[in-house]
Amino acid sequence: MSGGLRVTVTGGAGFIGSNLVSWLLRHPAVGRVTVVDDCSTGSVRLLGSDLAETDFRHGSVLDPGLLDQAMARADAVVHLAALPSVPRSVLDPMASHQANATGTLTVLEAARRADGPLVVAASSSSVYGAQPNLPKSEHDRAVPLSPYAVSKLATEAYLGAYHSCYGLPVLPLRFFNVYGPRQQAGHPYAAVVPKWIDAALANRPVTVYGDGTQSRDLTCVDTVCQVITTAITDRVTSPWPVNLALGTRTSLLNLVEQLGDVLGIRLQVEHAAPRPGDVAHSQADPARLLELFPGTTAVPLHEGLAATVAWHCDQRVKDGLHRAPARRRSAPPSPTKGIG
Ligand code: NAD
């Protein structure tokens, strides 16, 4: 076995997890990366050639025996496995609770048995829910509006409790709207960025729930991977949750514009009724993040969208699909980057 840090990533075959595995494998301080994933929403395909360099364990974080094997002698565990999506949890709250809340508890118990590796876990900005303050500070009260948000509040609260009761080094991170390459489009719970890119490339209209004035703090997955990698190499801990976003605020209508610019087309928009459990506005107060991770750099939205579009175009070529002919704007589009 090579030297260096041993890191276990749950949910490592998912969107954020597979990007993180790539980051970790390329970091000189990291010696071994183990992935635990049941491939319920992720796929080994997302790991690409990284799969060969990874100790991949197919199975659930609800399986204590599997976790004991996967976390043996781990220096850090990044717990990303979860059933994401607010609407999914509204349809099936028990499944979200099992995977997300009970799953976290099972991982923490395994960490306790494994002599206390650092546990970094994904919480979500959805915990702020009906909290009206902007930007959202970790000092604000959490007012979750969906079973998914409750399961994420449980995740971060369990991390705090395991630090307090057992001295486990922990870092609960509240992700905001993360986007980037490898985020999947073709399923009913797809996030807005991949869903819209997929629709635009197939010349379909993009669906905006509500009037489109709702806003999000869109965070490129590279920023998330940078912070988590630094947390592992520099052993950054916090029993309290930390926002992982940089305080930007983009309305959905503005996102339509920006995507149109990157693609060089005018997106067709159709409006639908607002979805239950969705929050109106989301923007992080990044003060705590920047205190703990002063070197954090934001990827500009236009740049992140261009890389994401490039990945989708690449996937379409691999899948034998071709980008549908674009309807050009009457005025020349802004320069586009990375479109295959
Ligand atoms: P994803 O669905 O791509 O990844 C989740 C991974 O967990 C998948 O590979 C899935 O197969 C795996 N998984 C699910 N249940 C499992 C189980 N019981 N055992 C083992 N593996 C299991 O989603 P993502 O966007 O990469 O999200 C990663 C984490 O970040 C999740 O915890 C999610 O709740 C959180 N998060 C994501 C966002 C975002 O914008 N993407 C925002 C806030 C929080």
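Residue indices begin at 1 and follow the sequence shown. Whatever order the structure lists ligands and atoms in, that order sets their numbers, starting from 1. Note that these values count all heavy atoms, side chains included, but never hydrogens, waters or copies made by symmetry.
- Put simply, CG on Leu173 and CG on Leu289 are 8.0 Å apart, with the number rounded to the nearest 0.5 Å.
- Considering backbone and side-chain atoms alike, Ser40 places an N or O below 3.5 Å from some N or O of ligand 1.
- The Ala122 neighbourhood of ligand 1 comprises atoms 29 (C), 30 (O), 32 (O), 35 (C), with distances under 4.0 Å to a heavy atom of that residue.
- For the residue pair Gln315/Asp319, the side-chain donor-acceptor check at 3.5 Å is not satisfied.
- Protein heavy atom in closest approach to atom 6 (C) of ligand 1: Gly11 CA, 3.6 Å.
- Of all atoms in ligand 1, listed by their number and element, those nearer than 4.0 Å to a heavy atom of Gly59 are 19 (N), 20 (C).
- Residue Ser18 places every heavy atom at 4.0 Å or more from ligand 1.
- Not close to ligand 1: Ala191, with no non-hydrogen atom less than 4.0 angstrom away.
- Note on ligand 1: Lys152 sits in its first shell, one or more heavy atoms being nearer than 4.0 Å.
- With Ser164 contributing its side chain and Gly160 its backbone, the two residues share no donor-acceptor pair below 3.5 Å.
- In this pair, Phe56 and His58 present their aromatic rings tilted. The plane angle is within the 30 to 60° band.
- Neither side chain, Ser60 nor Asp38, offers a donor N or O lying under 3.5 Å from an acceptor on the other.
- Smallest separation of non-hydrogen atoms from Ser124 and Tyr148: OG-CE2, 3.7 Å.
- Taking every non-hydrogen atom of Gly14 and a distance limit under 4.0 Å, the qualifying atoms of ligand 1 come out as 3 (O), 4 (O), 8 (C), 9 (O).
- Nearest-residue assignment for atom 19 (N) of ligand 1 (options Leu218, Val224, Val61; heavy-atom criterion): Val61.
- The Cys39 neighbourhood of ligand 1 comprises atoms 11 (O), with distances under 4.0 Å to a heavy atom of that residue.
- Separation of atoms CG (Asp285) and NZ (Lys136) is listed at 11.5 Å; rounding is to 0.5 Å.
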Under 3.5 Å, sequence neighbours excluded: what are the donor-acceptor pairs made by side chains of residues 184-195?
from   : atom 1 : to     : atom 2 : distance (Å)
His187 : ND1    : Tyr189 : N      : 3.2
His187 : ND1    : Ala190 : N      : 3.4

>> Walk me through whether Ser123 and Arg174 qualify under side-chain hydrogen bond (donor to acceptor under 3.5 Å, both in side chains).
In response: CA-CA 4 Å; Ser123 179; Arg174 285 182 181 165; 4.6 Å; no

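- Using a 4.5 Å heavy-atom threshold, the side chains of Leu118 and Val170 count as separate.
- For Val178, heavy-atom contacts with ligand 1 shorter than 4.0 Å involve the backbone as well as the side chain.
- Residue nearest to atom 5 (C) of ligand 1, selected from Ser60, Ala99, Ala82: Ala82 (by heavy-atom distance).
- Each of the following atoms of ligand 1 lies closer than 4.0 Å to a heavy atom of Ser123: 43 (C), 44 (C).
- With atom 34 (O) of ligand 1 as the reference point, the heavy atom nearest to it among Tyr189, Phe15, Tyr148 is part of Tyr148.
- Looking at Ser43 against ligand 1, nothing comes within 4.0 Å, counting heavy atoms.
- Residue contacts with ligand 1 do not include Tyr179, since none of its heavy atoms lies under 4.0 Å from the ligand.
- Distances from ligand 1 to the non-hydrogen atoms of Gly12 include no value under 4.0 Å.
- By the 3.5 Å distance cut-off applied to N or O atoms, Gly17 is not counted among the residues near ligand 1.
- Distances below 4.0 Å separate heavy atoms of Leu80 from the following atoms of ligand 1: 28 (C), 29 (C), 31 (C), 32 (O).
- The side chain to side chain donor-acceptor pair (under 3.5 Å) search around His312 returns none, not counting sequence neighbours.
- For a threshold of 3.5 Å applied to N or O pairs, the pair formed by Ser125 and ligand 1 contains no separation below that value.
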